[in-house]
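Each remark here refers to the structure printed beneath this line.
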Amino acid sequence: MIISGSNYLFEALDHKVFFKEVKILVPPNWTTGKYEKARNESYEKGRIIIDNPHPSFGDDPYTRQTKGCGEEGEYIHFTPNFLLNNDLIQVYGPRGRVFVHEWAHLRWGVFDEYNKKEPFYEKLGEILPTRCTEKITGQWHEIIHQQTRPCRFNANGKPTSHCEFLPYKVQETNASIMYLQSLESVKAFCQEGEHNIEAPNEQNTKCSNKATQTVIFQDSVDKDTLQNLKSLPSAPPTPTFKVIQRGPRVVCLILDVSGSMQGSKIKNQRRSATVLLNQCIKEKETVGLVTFSSDAQVLSPLTLIDGQASRDNLINKLPTVANGGTQICKGLRKGLELLQSNDKTAIGDEIIFLTDGEAGDNVGACLQEAVDSGAIIHTIALGPTADPVLKTMAERTGGEFKVASESVVSNELLDAFCSITMFDGNPIAQPIQLESTAKNVADWFNGTVPIDRTIGNNTAFTITHERSAPTVYIKSPSGLVYDQRNTSSIASTITFTVPGTAEPGDWKYSFLNNESPVQAIGLIVMSRAAREDVHPVTVTARMNQQTSDGTKPMVVLAEVSQNYNPVVGVTVWANLASDTGHSVQLELLDNGAGADTFKDDGVYSRYFTKLKRGKYSLKVRVENQHGGVQLSSRRHSGALYVPGYIVDGKVKLNPPKPTINVPPVDVGNFTRTKTGESFVVEADGPSNFPPNKITDLTAKIQKGIILLNWTAPGEDFDEGKAQSYEIRWSEDLKMLQNNFNSTNLVNTSALVPQVSGSPEHHSFKPNITIQNGTTVFIAVQSLDHQSARSEISNIAQAKNDAQSPRPPPLTLVLPLPLLLTLTLIQVSM
């Protein structure tokens, strides 16, 4: 697939691009075969995933795209059946071609040029196909139970729901790879000269009516390279392949015990590391302990986690005393030595490195040594004085960078530790954080944690305290009360582990502070999947970039899903807190407006505009109070399932696509908390950003009036509300697209913008005679109180098609078409 795809891509992009090296990461439980040891490659970082089918899509190849035009996607998903069943070549096309179709989604952020919901559209009274070019010929057929007959048309002249267009199997055409790559004659991406800018497809909607090749060469991550590359005179070399595997997880904790860690910091470090070792490290993982100050020492050799005794042994060795300087290189080298004691190498092993201060030595002297070791180094900056080199070290070794507050009234350090995991593609064994909260308590600390039906195994309530243990009461949904007698205490933590599988429902907790002064008390609740056959609801959290220069807003993204299915209708809040005391709370939305690219795709987003210099932590909280989980059926970008072809003048149908129904899942109420990777803002942002671009403008004609709908932008991107709107229209789409200010202006004096995220409505009567087949194009621009202008919105089409004529019989319409492995693809240019 990849070798043929490399050759196909080479021809499609002017002999400039091919695949040079491919890394295939196989599951850790594969024992047959010989594999190299993986370095920083992991399942989560994989760009191509081979896994069981998506519950809603079956064997459809698709690409998970959560961002806008020209931006890289998340991953390509292929199934074992797609790769092994040759019968599917007939319906999707040769695998190499399908791979290039998906790669263009993934790497260059282009979108499909077909539209299964709107397979045709009307122009000047004629029914036209939704596609890139009109140079595909074929025949209309109505397909019912794999039998065909001539298509029937409704009163408006549109094909019935069973009508499909079957293209001729062999023909000369300029159709685009993003439309119908399965045809043998299709060899290129759609270019401007042939691009159908009026087709109602996602490429036009998301990419401002640009052709796919234009986006690849002008807007993608590779735009600068592609424009400067010269074509190769000969065929590309065959890609090289490397098969790799992650071994059992090995982790070394390197903890700062320098003088600046005295007092509450060393206690907080011990408390948080206790929770890490007790709840977040999985069975059969291996852990070692190293401390550093003016010198470094091993507190515990590498220890296999095999039951509670091994965990307690490590916890009892956690440091309690701090003094001396901050010799980062000594700590790092001691940790690498410990990892190498296992199998003579640190390749693929992990370090979790915590410090609160600037290095007292030359970290540059050991930074390259750390990179060359092959270890993955995660770094935690405790407080504002931690050395900036920590972020660089994490980035260059493939680790994660975390920021944690020094405050005792915070779970940031605990959350940072527990969020550093290595996901192997199996969500069943993965620890899931349900709750993480802390506050100053004078008497009672009460609350509720819902346990839903997708989780419940290894459920543990861990209470942390500042000075003395509170009295603990935990009540199950059926009324069973657990108290101090059911808990275990160690290192300023109290842990209650629910026997067996936790009962679904609301678990109530009450903690009584027995001290007269106020003290900080915290709670973290962890659990795992209830059964092997039920995937838990999971959350990921991230920023769209890890470093900002303050010139443009950042975007917060949180994805909520269950076994690839997007979970919609939940409440999502993000807390962004800097080491300088700046804190912002944002409600994230999945409404397809503002920062959110797609509505109901399970990715909740929001702009972060109040940029102030500092290192930030990111924590997301998800709540569902509706009982059942609402799953979205939104289809991702993907290859078209072709129902059949015309071969030698005869209809040849492909096997029908299996019907897939995903019923709602009654999981009960649930909460999730997730800590994402920390980020850095290097300079304060401007005092004023423009309103965000409107991306969901729609229009329709009703009795000669054009009705518009969109989601209100904000004063600063999606914060606040805009000052005014400028609405313009034209009968010429290119005129509106290229000369917005020269087109017809709509009177909006009575239109008062609403708060960001609110629905907006407006109507106007254009000064033209609207006839059958009339199409009007409309776009909107927003202005804020300082007259800063947004980007021009998506272009909406309003069509008067009440009496559409019957199309000719041959008018084209859209052809409707267990194992866990990972492939990493690298582009060579």
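Note that the structure is predicted; figures quoted are calculated from it, not measured.
With salt bridges taken as basic N to acidic carboxylate O contacts below 4.0 Å, one links Glu72 and Arg47. Remark: Arg97 does not engage Glu102 in a salt bridge, criterion side-chain N to carboxylate O under 4.0 Å. We find that Arg246 and Asp424 are not joined by a salt bridge, their nearest charged nitrogen and carboxylate oxygen being 4.0 Å or further apart. A salt bridge does not link Lys45 to Glu41: none of the charged nitrogens lies less than 4.0 Å from a carboxylate oxygen.
Heavy-atom neighbours of Lys37 NZ from other residues, nucleotides or ligands within 6.0 Å: above the threshold of 12.
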CA sep, side-chain torsions, deciding dist, call: Asp112, Tyr179, side chain to side chain donor-acceptor pair (under 3.5 Å)
CA-CA 6 Å; Asp112 290 322; Tyr179 173 63; over 6 Å; no
Output, in order, the C-alpha distance, side-chain angles, deciding distance and verdict of side chain to side chain donor-acceptor pair (under 3.5 Å) for Ser231 and Asp14.
CA-CA 6 Å; Ser231 300; Asp14 307 327; 6.0 Å; no
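For the pair Val215/Cys69, a side-chain contact is recorded, criterion being any heavy-atom separation below 4.5 Å from C-beta on. Side-chain contact between Pro239 and Ile3: present, with at least one pair of heavy atoms (C-beta onward) separated by less than 4.5 Å. In this structure, Glu113 and Asn196 have side chains that are not in contact, with every pair of non-hydrogen atoms separated by 4.5 Å or more. You'll find the side chain of Gln630 stays beyond 4.5 Å of the side chain of Val567, heavy atoms only. Side-chain contact check for Glu559 versus Val539: every heavy-atom pair is 4.5 Å or farther apart. Looking only at side-chain heavy atoms (C-beta outward), Thr675 and Leu618 stay at 4.5 Å or farther from each other. Side-chain contact between Val622 and Lys674 is absent, with no heavy-atom pair separated by less than 4.5 Å. Side-chain atoms of Ser4 and Arg95, non-hydrogen and from C-beta on, never get closer than 4.5 Å to each other.
A distance below 6.0 Å separates the ring centres of Phe423 and Tyr43.
In this structure, Glu677 contributes its side chain and Phe401 its backbone to a donor-acceptor pair below 3.5 Å.
In this structure, CG in Leu13 is found 7.0 Å from CD1 in Ile177, a value given to the nearest 0.5 Å. Taking CD1 from Ile76 and CD1 from Ile48, the interatomic distance works out to 4.5 Å, rounded to the nearest 0.5 Å. Taking OH of Tyr62 as the reference point, atom NE2 of His101 lies at 14.0 Å (rounded to 0.5 Å). A distance of 13.0 Å separates CG in Leu557 from CZ in Arg606, rounded to the nearest 0.5 Å.
Ring geometry, His636 versus Phe57: the interplanar angle exceeds 60°, so the pair is classed perpendicular (tilted spans 30 to 60°). Ring planes of Phe18 and Phe10: perpendicular class, angle over 60° (limits at 30 and 60°). Ring orientation note: the planes of Phe78 and Phe99 are tilted relative to one another, at an angle of 30° to 60°.
Geometrically, Lys206 engages Phe598 in a cation-pi contact defined by less than 6.0 Å to the ring centre and at most 45° from the axis.
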